[in-house]
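Proteins come first, then strands; the chains are lettered A, B, ... in the order of their sequence lines, and each starts at number 1.
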Protein chains: 4
Amino acid sequence: MFRLQERSATPIYEQIVEQMKALVAKNVMQSGDKVPSVRELSSMLVVNPNTVSKAYQELERQGVIETLRGKGTFIAESVAPPMAEERLMKLKDEMNRIAVEAKHLGLEREEFIEMVKQACEVWWRDDES
Amino acid sequence: MFRLQERSATPIYEQIVEQMKALVAKNVMQSGDKVPSVRELSSMLVVNPNTVSKAYQELERQGVIETLRGKGTFIAESVAPPMAEERLMKLKDEMNRIAVEAKHLGLEREEFIEMVKQACEVWWRDDES
Amino acid sequence: MFRLQERSATPIYEQIVEQMKALVAKNVMQSGDKVPSVRELSSMLVVNPNTVSKAYQELERQGVIETLRGKGTFIAESVAPPMAEERLMKLKDEMNRIAVEAKHLGLEREEFIEMVKQACEVWWRDDES
Amino acid sequence: MFRLQERSATPIYEQIVEQMKALVAKNVMQSGDKVPSVRELSSMLVVNPNTVSKAYQELERQGVIETLRGKGTFIAESVAPPMAEERLMKLKDEMNRIAVEAKHLGLEREEFIEMVKQACEVWWRDDES
DNA sequence: GTGGTCTAGACCACT
DNA sequence: GTGGTCTAGACCACA
């Protein structure tokens with residue numbers, strides 16, 4: 001379910017955040033679903049519980065999960081995501097960074113957009129409607 | 001020419017790398033153009049020379065600039081960019097990460113692609129061909 | 001009568017304490033009124049009886065309710081509230097905390113006081129005297 | 001400068017957050033002032049560096065301080081505070097909680113408001129204009 | 001059982 | 001020197 005890369009430059013807790021968000025985006029996990037407890041996931045991934053905890057706190061700040069006192073942690077309903085404006089601006093920045101890199105790698109505009117469209121297929125599937 | 005944000009989470013040397021690459025992508029700087037020396041740029045940006053040096057090393061590693069002994073540093077000809085495969089894979093990874101974030105922010109597939117296209121306008125302009 | 005938020009950071013038993021105190025402050029419940037038994041309330045709110053029990057213990061400690069052996073639990077007469085001095089000091093502390101936060105949010109002194117006055121309307125109504 | 005209460009129910013890192021915000025509200029610390037480094041403050045307060053770090057990260061999220069890579073941490077310019085709406089709602093909630101407690105302690109409306117005004121004197125002083 | 005807090009001590013990237 | 005990340009292991013409040 002989760003695959004961590006020890007050697008990667010992106011910290012472990014961020015990898016957990018990203019992968020959890022990916023699972024939600026793919027509808028593998030949905031509103032109300034229980035996520036593994038901090039201790040469970042930490043032993044599954046063979047990382048320190050604090051690391052998982054940090055990831056969960058970040059996910060909660062982003063409105064992806066919510067914790068019910070003593071009961072555990074669950075996928076949140078996706079209403080208005082917090083800090084939406086700042087996050088959208090950051091998104092555009094990263095988009096530009098990627099476009100620049102794509103051009104440096106010699107991709108043409110059409111090739112790049114085709115690549116984006118292919119990526120989209122995974123995250124926006126018709127069968128969700 | 002360069003605008004650094006000390007507050008930003010991205011390290012300064014990386015900001016220099018990105019902005020230099022952006023200038024090249026926009027054709028503001030072209031093959032053979034001389035780039036400022038480490039000392040010049042570091043005093044222009046009021047940053048530590050080591051920081052600029054680190055940025056230049058990274059740019060050279062990416063094939064964006066090249067140093068000619070005793071003559072200075074120049075924008076390189078864009079032939080086959082080094083490490084193309086790894087960089088392309090990384091590009092796709094980041095594309096996916098961004099798509100996931102876009103979906104979490106409530107964007108529809110079409111809105112996201114529209115955003116990408118708009119970003120492209122800046123980097124692939126007709127007048128270059 | 002009671003509205004609990006499982007998501008909230010404040011523990012459930014504290015929410016019960018606060019809401020019971022709010023009902024008394026609004027004169028919805030008055031001296032001598034019977035409050036639901038621990039079992040009743042716990043099944044009404046769908047929470048663990050221990051949680052309600054803990055709330056009632058706290059309310060009794062604060063002199064809000066009192067238990068009469070075999071007869072049940074009732075709203076207490078509001079005479080001298082216990083631990084008044086400590087609680088008053090704590091009140092002032094929290095007042096200061098809130099004022100600091102208000103200033104950080106950019107409120108002016110007058111705006112803040114106006115906000116306080118509006119809050120007061122709910123709790124000190126003329127019709128009680 | 002900072003006074004921590006080991007026994008208090010409020011966690012140490014939160015006490016640090018509150019006291020730093022209080023110093024800023026009182027204009028003891030102003031935009032651009034350097035705050036002690038994590039290590040400095042942790043040894044001053046005899047707490048673990050991680051605890052101070054957690055406090056600083058929370059302060060950064062609230063827009064109170066900002067870190068300049070490798071240079072240290074500084075009081076931020078107070079522009080639009082992040083999450084302003086949510087924080088304002090929380091402020092009103094806490095205001096109500098405090099008003100209820102005040103009434104339970106037997107304060108009259110006027111006494112309560114007088115108390116608030118006195119608290120304000122400390123945080124909104126005329127000499128700031 | 002759950003998550004939250006704290007300590008001690010280590011390593012790393014950035015400037 | 002700065003802050004950021006991670007580990008190991010402890011204690012506590014809540015349900």
Whole-Å gap separating P (E:dT15) and CG (B:Leu45)
12 Å
Measure the distance from CD on A:Glu14 to C1' on E:dA13 and round it to the nearest whole Å.
14 Å
Starting at OH of A:Tyr13 and ending at C1' of F:dG3, how long is that distance when rounded to a whole Å?
12 Å
What is the distance from CD of B:Gln57 to P of E:dT15, rounded to the nearest Å?
13 Å
Over how many whole Å does the gap from D:Glu58 atom CD to F:dG3 atom C1' extend?
17 Å
Side-chain contact, heavy-atom cut-off 4.5 Å: D:Glu18 with C:Val100?
no
Judged by nearest nucleotide, the residue sitting upstream toward the 5' end of DNA chain E, B:Pro11 or A:Ser37, is A:Ser37
Decide, yes or no, whether a salt bridge links A:Glu101 with B:Lys90 under the criterion of side-chain N to carboxylate O below 4.0 Å.
no
Between C:Asn48 and A:Asn48, which has a closest nucleotide on DNA chain F that is more 5'?
A:Asn48
Specify the separation, in whole Å, of atom CG of B:Leu4 and atom P of E:dC14.
15 Å
Do D:Phe2 and D:Gln15 have side-chain heavy atoms sitting under 4.5 Å apart?
no
Send over the distance from D:Gln15 CD to E:dC6 C1', rounded to a whole Å.
13 Å
Would you mind telling me which residue lines up with the more 5' stretch of DNA chain F, D:Thr67 or C:Lys54, judged by nearest nucleotide?
D:Thr67
With sugar-phosphate meaning primed atoms plus P, OP1 and OP2, does B:Asn50 contact a base, only sugar-phosphate, or nothing at under 4.0 Å between heavy atoms?
nothing
A:Arg39 (side chain) and E:dG3 (base): donor-acceptor pair under 3.5 Å:
yes
Considering every strand shown, what is the Watson-Crick or G-U wobble mate of E:dC12 when both distances are under 3.5 Å?
F:dG3
Report which part of the nucleic acid B:Ile12 touches: base, sugar-phosphate, or nothing (heavy-atom distance under 4.0 Å, all strands).
sugar-phosphate
Would a 4.5 Å heavy-atom cut-off, applied to side chains only, mark C:Asn50 and C:Val38 as touching?
no
In the structure I gave you, are the side-chain heavy atoms of D:Lys103 and C:Lys21 within less than 4.5 Å of one another anywhere?
no
With nearest nucleotides of DNA chain E determined for A:Val35 and D:Lys71 from heavy-atom distances, which residue corresponds to the more 5′ nucleotide?
A:Val35
Within the structure, does a side-chain N or O atom of A:Thr51 lie under 4.0 Å from either OP1 or OP2 of F:dT5?
no
Provide, to the nearest angstrom, the distance between the CZ atom belonging to B:Arg7 and the C1' atom belonging to F:dT2.
16 Å
